[in-house]
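Convention: sequence-line order gives letters A, B, ...; per-chain numbering from 1.
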Amino acid sequence: MNTDRKIPDVYGRIWATVEKIPRGRVSTYGTIARLSGLPGRARLVGYAMFNLPEGAGVPWHRVVNAAGKISLPHGRESRRRQRLLLEREGIAFDGDKLDLKTVGWPPASFRG
DNA sequence: CTGGTGACCATTA
DNA sequence: TTAATGGCCACCA
């Protein structure tokens, strides 16, 4: 394969995990990191999202922080777009945050 | 090499 | 509840 790739394949692994988030659900940076085999590297997931090319087909909007809030800074266009895309999928917001217990993925009942 | 930054998170107080 | 702290690691000047 490609032994002299410039982009770390962890990016591709992270993006592949994000693609698994079903419509109407959200996951967190830490969870994506863990499911990608990169426990404790939540910041790397944020970095991978930041460097995500547009039109890649990755549902980046379904990734929020552990507090259940959109992590993009205020005033940024993509922040408003993320909220819009989530509400479009039927996700309800209470102020700035959503309920991870309800719309979080994987669901809490995953275990067992 | 060093130091700063960031779409993070768990712990502690 | 908020705030501070340490850990994490790719990238850049």
Would you mind reading off the distance between A:L52 atom CG and B:dA7 atom P, rounded to a whole angstrom? 14 Å

Which residue, A:W60, A:Y47, A:Y11, forms the side-chain contact (heavy atoms from CB on, under 4.5 Å) with A:L52? A:W60

Expressed in angstrom and rounded to an integer, what is the separation of A:Y29 atom OH from B:dA7 atom P? 9 Å

Specify the separation, in whole Å, of atom CD1 of A:I14 and atom C1' of B:dA7. 12 Å

By the 4.0 Å heavy-atom rule, please label A:L44 as base, sugar-phosphate, or nothing. sugar-phosphate

Heavy atoms under 4.0 Å, any strand shown: does A:S78 hit a base, just sugar-phosphate, or nothing? nothing

Taking the side chain from A:R25 and the backbone from A:W105, do they hold a donor-acceptor pair closer than 3.5 Å? no

First encountered from the 5' end of DNA chain C, between A:P39 and A:Y47: A:P39

Does C:dC8 have its OP1 or OP2 closer than 4.0 Å to a side-chain nitrogen or oxygen of A:R41? no

In whole angstrom, what separates A:F50's CZ from B:dT5's P? 15 Å

Pick the nucleotide of DNA chain C nearest each of A:K69 and A:G40; which residue has the one closer to the 5' end? A:K69

Is it true that a side-chain atom of A:Q82 and a backbone atom of A:V63 form a donor plus acceptor pair closer than 3.5 Å? yes

